[in-house]
Amino acid sequence: DETHAFRLDTIVILDTDGRLRRTIPIYDVLRRSPFRFLLPRTGFDVPGNTELDLLHANNVEVFDGALASVSPLFRAGNILISLKNINAVAILDGRTLAVAWLWGPTNLTFQHAPSLLANGHVLIFDNGSRGRSSIVEVDPSSDRIAWRYAPAKGFFSNIRGACQRLANGNTLVTESQTGYAFEV
């Protein structure tokens, strides 16, 4: 009978001198939220694997408050995170550590690199499945997709990947699996 350890992601906040200010255990935040149903059930066996990565937090962005007038979601100190293994992007309230917004399950697959745009939308690299990745821009105020780049073929990165909105309005895409970068 194998025993499994769980890799539980934690956000670590340091001051400008590198001293620890706060730690945020992401699993505990989700466990206390209405989104706890997204957490994988434990008690299953994975042959040959002794550590299970339940959430796989692959991106953290702390908001500076520049867009707080657009929505309280973007208040200074709130935190945008990507939880790859549950196909979710979330904004945590930086004061209470409550999940203020969560989007992605049934819409994303193993996403990476979410970032808050100047228009109050969130840009996400959706790794996708069946040989197709996409770039998604979602409006957190409505949970609607405002823009998507999803060619019928020729764009797929099953691991990693990034996207960034450029000053000219185009989007820079890094297709990590193939090593390509291009502008849309």
- Query: Would you say the side chains of H56 and N58 form a donor-acceptor pair under 3.5 Å?
  - Reply: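 Side-chain D/A pair, H56 to N58: absent.
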- Task: Indicate whether any N or O donor in one side chain lies under 3.5 Å from an N or O acceptor in the other, for H112 and N59.
- Result: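 Judged by distance alone, the side chains do not pair up.
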- Could you tell me which residues satisfy ring pair (Phe, Tyr, Trp, His ring centres under 6.0 Å) with F110, sequence neighbours excluded, listed by chain and number?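 Counting only residues at least two positions away or on another chain, F110 forms no ring pair (Phe, Tyr, Trp, His ring centres under 6.0 Å).
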- Item | OH/Y180: more than 12 non-hydrogen atoms of other groups inside 6.0 Å |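 Counting other residues, nucleotides and ligands, OH of Y180 stays at 12 neighbours or fewer.
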- Task: State whether the number of non-hydrogen atoms from other residues, nucleotides or ligands found under 6.0 Å of R144 atom CZ is greater than 12.
- Result: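 No.
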Drop me the distance from [X]'s [atom1] to [Y]'s [atom2], to the nearest 0.5 angstrom.
{"X": "L123", "Y": "E137", "atom1": "CG", "atom2": "CD", "answer": "6.0 Å"}
{"X": "F156", "Y": "S134", "atom1": "CZ", "atom2": "OG", "answer": "11.0 Å"}
{"X": "L20", "Y": "D17", "atom1": "CG", "atom2": "CG", "answer": "13.0 Å"}
{"X": "Q111", "Y": "D126", "atom1": "CD", "atom2": "CG", "answer": "7.0 Å"}
{"X": "D28", "Y": "L8", "atom1": "CG", "atom2": "CG", "answer": "8.0 Å"}

Counting C-beta onward and ignoring hydrogens, is there a side-chain heavy-atom pair between [X] and [Y] closer than 4.5 Å?
{"X": "L38", "Y": "L83", "value": "no"}
{"X": "I86", "Y": "L55", "value": "yes"}
{"X": "L102", "Y": "L30", "value": "yes"}
{"X": "L97", "Y": "R32", "value": "yes"}
{"X": "S115", "Y": "E61", "value": "yes"}

- Give the C-alpha distance, both sets of side-chain angles, the deciding distance and a yes or no for side-chain contact (heavy atoms from CB on, under 4.5 Å) between I11 and V29. CA-CA 11 Å; I11 297 170; V29 169; over 6 Å; no
- Result of checking L166, V173, I135, L172 against V184 for side-chain contact (heavy atoms from CB on, under 4.5 Å):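 Single pass found, and it is V173.
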Does [X] use its side chain to pair, donor to acceptor, with the backbone of [Y] at less than 3.5 Å?
{"X": "T109", "Y": "G128", "answer": "no"}
{"X": "R132", "Y": "S129", "answer": "no"}
{"X": "D64", "Y": "A76", "answer": "no"}

- Item | Side-chain cluster (under 4.5 Å, hydrophobic types only) that L108 belongs to, other residues |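 For the cluster that includes L108, the remaining residues are F63, L67, V70, L73, F74, L80, V89, I91, W101, W103, L116, V122, I124, V136, V138, I145.
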Between [X] and [Y], which heavy-atom pair has the shortest distance, and what is it?
{"X": "V99", "Y": "A90", "result": "CG1-CB, 4.5 Å"}
{"X": "N127", "Y": "S157", "result": "ND2-O, 2.6 Å"}
{"X": "F155", "Y": "P151", "result": "CB-CG, 3.6 Å"}
{"X": "E175", "Y": "F182", "result": "OE1-CE2, 3.8 Å"}

- Listed once per pair and sorted, the salt bridge (charged side-chain N to carboxylate O under 4.0 Å, His left out) pairs that draw on residues 84-99, sequence neighbours left out: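 Every salt bridge (charged side-chain N to carboxylate O under 4.0 Å, His left out) pair that includes a residue of residues 84-99, provided the two are not neighbours, is R75-D93.
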